[in-house]
Amino acid sequence: MDVSTGAGGTWALRVAEPADVDVIAELRAAVMRPDLERLGRFDARRVRQRLRDSFSVRYTSVVVVDGAFAGCVTLRPGEEEGEGEGAGDGCQWLEHFYLEPRFQGRGLGAAVLCALLDRADAERVTVRLNVLRGSAAQRLYRRHGFTVEAQDPVDVFMVRPPINTEEPHV
């Protein structure tokens, strides 16, 4: 378990367990609902099922703040085929990065993202993600070096190559 202090408390990443899938699916539905409704794409069943279909304890971490569930994040290797632009290039995909609303806006998301990016930088790995168009999360990703690679009517695809590992990510 990775443990850090800041962002309003002591936070840690722990390996996800199969039992986490339901609470994570509910969190996904709650935090994505406003953006999905804005885009005319919210479906209560589908938003939960898409998480369940892709959930992997191997690549998902649960964010814990002072012992309480605060969110989750998945960082998985890119596939050799079928992942679109950048497939098979040694990248990692940042997915399912959700924080409980009570933990948003306190620097926790930035702290977790920095920890993940520091690891990717040390491994010299490009990180890719997609975010819903118009999502406030785009600002967070831009501040941490992600740039827009492509977009469609629903999603914005972003990429961040590794940076010099001599200096910690800030």
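Here the closest heavy-atom approach between residue Val31 and residue Leu99 is recorded as CG1-O, 3.4 Å. The shortest heavy-atom contact between Met158 and Val131 is SD-CG1, 4.1 Å. Nearest heavy atom pair, residue Cys114 against residue His144, reads SG-CE1, 3.5 Å.
Between Arg142 and Val148, the closest side-chain pair of non-hydrogen atoms falls below 4.5 Å. Contact check for Arg28 versus Arg48: no side-chain heavy atoms found under the 4.5 Å cut-off. Side-chain contact between Asp121 and Arg160: present, with at least one pair of heavy atoms (C-beta onward) separated by less than 4.5 Å. A heavy-atom distance below 4.5 Å is not found between the side chains of Val47 and Arg33.
The CZ atom of Phe157 lies 6.5 Å from the CH2 atom of Trp93; values are rounded to the nearest 0.5 Å.
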_Determine whether Leu116 and Gln92 satisfy the following criterion, side-chain contact (heavy atoms from CB on, under 4.5 Å), listing intermediate values before the conclusion._
CA-CA 11 Å; Leu116 296 173; Gln92 292 184 330; over 6 Å; no
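Pro161 pairs by the side-chain contact (heavy atoms from CB on, under 4.5 Å) definition with Thr126, not counting sequence neighbours.
The aromatic rings of Phe97 and Tyr141 lie tilted to each other, with the angle between the two planes from 30° to 60°.
Side-chain atoms of Asp20 come within 3.5 Å of backbone N or O of Glu17 as a donor-acceptor pair.
The pair Asp35-Arg38 meets the salt-bridge criterion, since a charged nitrogen lies less than 4.0 angstrom from a carboxylate oxygen.
Remark: of the listed residues Leu94, Thr60, Leu117, Leu129, Leu94 is the sole one forming a side-chain contact (heavy atoms from CB on, under 4.5 Å) with Leu75.
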